[in-house]
*Asks:* 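Pasting in a structure now, in structure tokens, and then I'll have a few things to ask.
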Amino acid sequence: MADITIVDERTIKITAGLEDAVTMVKEAARDIETYADEILIICEKMPGFAYTSFCFYAYDSARLFEYMLGMDPRQYTSFSMDAPDSFFYALYGGMAALYEEAKRVKEARAGAL
């Protein structure tokens with residue numbers, strides 16, 4: 001599980017590793033219906049941020065991130081995250097593997113409207 005250090009009442013520092021990306025991918029795979037939008041956004045937008053500079057909050061795609069953390073870092077005014085490149089690449093690869101199923105789920109939802 002990611003390490004969360006409370007620096008002060010307004011600031012936290014998050015340290016995540018490869019295993020944390022795997023946690024996010026497993027959760028997404030477990031419930032594609034719930035996370036379809038996040039899967040699509042992460043997969044479509046990460047390459048534009050050279051993968052390793054992706055921000056989960058830029059596209060309202062942070063539910064998997066918050067699941068992995070076990071908290072909402074927006075409770076603090078400022079947070080930073082240190083993670084190896086493997087975190088981001090593993091996350092992208094996992095989301096890419098789930099992409100077509102997430103797309104099918106989203107299209108089925110739209111067709112049901």
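What you see below is based on every heavy atom in this structure, not just the backbone, and it leaves out hydrogens, waters and symmetry mates.
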*Asks:* Are any side-chain N or O atoms of Asp3 and backbone N or O atoms of Thr15, one a donor and one an acceptor, separated by less than 3.5 Å?
*Replies:* no

*Asks:* Heavy atoms, side chains only, cut-off 4.5 Å: are Thr52 and Phe87 in contact?
*Replies:* no

*Asks:* Find the distance between OH (Tyr59) and CD (Glu38) and round it off to the nearest 0.5 Å.
*Replies:* 14.5 Å

*Asks:* Please assess Leu91 against Val25 for the test side chain to side chain contact (heavy atoms under 4.5 Å, CB included), listing each intermediate value before the final yes or no.
*Replies:* CA-CA 6 Å; Leu91 181 63; Val25 171; 4.2 Å; yes

*Asks:* Got more than 12 heavy atoms from elsewhere within 6.0 Å of CD, Glu9?
*Replies:* no

*Asks:* Let me confirm one number: the OG1-CZ distance from Thr34 to Arg63, rounded to the nearest 0.5 Å.
*Replies:* 6.5 Å

*Asks:* When you check the gap from the basic side-chain N to the acidic O, do Glu27 and Arg30 get nearer than 4.0 Å?
*Replies:* yes

*Asks:* Are any of the side-chain nitrogens in Arg104 or Glu107 under 4.0 Å away from the carboxylate oxygens of its partner?
*Replies:* no

*Asks:* How far apart are the closest heavy atoms of Cys43 and Ala96, and which atoms are they?
*Replies:* SG-CA, 3.5 Å

*Asks:* Going by heavy atoms in the side chains, are Glu66 and Tyr57 under 4.5 Å from each other?
*Replies:* yes

*Asks:* Answer yes if the ring centres of Phe54 and Phe88 are under 6.0 angstrom apart, and no otherwise.
*Replies:* no

*Asks:* Would you indicate whether the side-chain heavy atoms of Arg109 and Glu33 approach each other to under 4.5 Å?
*Replies:* yes

*Asks:* Let me check something: do Phe49 and Ile41 share a hydrophobic cluster, defined by ILVMFWY side-chain heavy atoms less than 4.5 Å apart, either directly or through other members?
*Replies:* yes

*Asks:* Taking side chain as C-beta onward, heavy atoms only, is Tyr67 less than 4.5 Å from Thr23?
*Replies:* yes

*Asks:* Would you call the rings of Phe56 and Phe65 parallel, tilted or perpendicular if under 30° counts as parallel and over 60° as perpendicular?
*Replies:* parallel

*Asks:* Would Phe79 end up clustered with Met68 when hydrophobic side chains under 4.5 Å apart are linked, directly or stepwise?
*Replies:* yes

*Asks:* Over all heavy atoms of both residues, which pair between Ile14 and Pro73 is shortest? Give the atoms and the distance, please.
*Replies:* CD1-CB, 4.2 Å

*Asks:* Counting only heavy atoms not in Asp60 (residues, nucleotides, ligands), do more than 12 fall under 6.0 Å from its CG?
*Replies:* no

*Asks:* Check for me, please, whether Met95 and Leu18 land in the same ILVMFWY cluster - side-chain distances under 4.5 Å, paths through other members count.
*Replies:* no

*Asks:* Within this structure, what is the CE-NZ distance for the pair Met81 and Lys13, rounded to the nearest 0.5 Å?
*Replies:* 12.0 Å

*Asks:* Out of curiosity, Glu101 CD to Ile32 CD1, how far, rounded to the nearest 0.5 Å?
*Replies:* 5.0 Å

*Asks:* I want to check something: taking the side chain as every heavy atom from C-beta on, are Tyr99 and Leu40 in contact at a cut-off of under 4.5 Å?
*Replies:* yes

*Asks:* Please report the shortest heavy-atom distance between Leu98 and Ala28, naming the atom on each side.
*Replies:* CD1-CB, 3.7 Å

*Asks:* Taking all atoms of both residues into account, what is the closest heavy-atom pair of Leu69 and Ala2, and its distance?
*Replies:* CD2-CB, 3.8 Å

*Asks:* Once rounded to the nearest 0.5 Å, what's the spacing between atom CD1 of Ile39 and atom NZ of Lys106?
*Replies:* 11.5 Å

*Asks:* When rounded to the nearest 0.5 angstrom, what distance separates CD1 in Ile12 from OH in Tyr76?
*Replies:* 6.0 Å

